[in-house]
Amino acid sequence: MQGKLLLFCGPSGSGKTTIVHHLLQTNPKIEFSVSATTRPQRANETDGKDYHFISVDEFKKRIANDEFVEWEEVYTDRFYGTLKSEIDKIWNDHKVAIFDVDVEGGLKIKKIFGQMLLAVFVMPPSVEALHQRLKARNSETKESFKARIAKSEHEITYAFRFDKIIINDDLPKALDEAEKLVEEFLK
Ligand code: 5GP
């Protein structure tokens with residue numbers, strides 16, 4: 001069984017996760033592809049819902065077992081990967097899979113699934129806005145904050161490779177735009 005897929009990429013702090021959560025709440029056809037990660041769980045996250053939180057050893061075992069569609073060491077010793085089993089489960093439920101992954105992982109997924117996938121890049125209004133959002137989230141150490149900002153500036157240069165770009169300078173407008181793009185794609 002094969003179905004359609006939706007991919008939302010963008011730098012950390014671009015608002016892509018907020019957009020993905022909004023689509024999940026408003027469109028019952030869509031189901032989140034829960035990635036595996038080795039990064040520590042945040043206080044507001046649920047294991048198995050936001051991520052499958054696993055150890056580095058377990059992650060490496062799963063790489064060896066060929067369980068990932070794609071995986072990345074997004075930050076040093078912080079592995080993230082899309083599990084084949086997630087996509088199979090979602091398609092078997094006759095749902096549309098939605099991914100929230102980094103840009104490199106997203107481009108790999110786009111290459112694999114081609115026309116079955118809508119690839120959207122969420123662009124922050126400015127690098128300054130990214131700094132502010134990331135600070136407000138208060139989830140990073142000084143080092144990981146710096147790493148995220150450096151990665152974000154690099155990721156923005158890949159926006160043109162995506163099917164659509166949403167500029168998130170006004171959240172309600174960005175949510176509305178995302179809903180319309182998805183509706184059009186799933187028609
Ligand atoms: P965070 O730690 O903020 O949850 O995520 C850090 C980055 O990893 C984000 O850009 C997020 O989209 C990305 N990410 C989450 N899951 C995956 C995945 O399965 N594969 C890849 N390549 N990146 C992921």
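Every number for a ligand or one of its atoms is a count from 1 in the order of the listing.
What sits closest to atom 23 (N) of ligand 1 on the protein, heavy atoms only, is Asp102 N, 3.1 Å. Looking from atom 4 (O) of ligand 1 to the surrounding protein, the closest heavy atom is Tyr51 OH, 2.5 Å. Closest to atom 7 (C) of ligand 1 among all protein heavy atoms lies Val74 CG1, 4.1 Å.
Annotation for ligand 1: atoms under 4.0 Å from non-hydrogen atoms of Glu70 are 18 (C), 19 (O), 20 (N), 21 (C), 22 (N). In summary, the atoms of ligand 1 found under 4.0 Å from a heavy atom of Glu72, numbered by their order in the structure, are 22 (N). Heavy-atom proximity to Arg148, at under 4.0 Å, picks out these atoms of ligand 1: 1 (P), 2 (O), 3 (O), 6 (C). Near Arg39, meaning under 4.0 Å from one of its heavy atoms, ligand 1 places the atoms 1 (P), 2 (O), 4 (O).
A donor atom on one side chain and an acceptor atom on the other are found under 3.5 Å apart for Asp100 and Thr17.
Under the 4.0 angstrom criterion for non-hydrogen atoms, Glu104 is not in contact with ligand 1.
At a heavy-atom cutoff of 4.0 Å, ligand 1 is contacted by no atom of Trp71, backbone or side chain.
Of the options Phe79, Tyr80, Phe59, a side-chain contact (heavy atoms from CB on, under 4.5 Å) to Phe68 is made by Phe59 and by none of the others.
Taking each of Gly105, Pro11, Ser35 in turn, the one with a heavy atom nearest to atom 19 (O) of ligand 1 proves to be Ser35.
Between Lys173 and Asp169, at least one side-chain nitrogen of the basic residue sits less than 4.0 Å from a carboxylate oxygen of the acidic one, meeting the salt-bridge criterion.
On a distance-only criterion, Ala36 and ligand 1 share no N/O pair closer than 3.5 Å.
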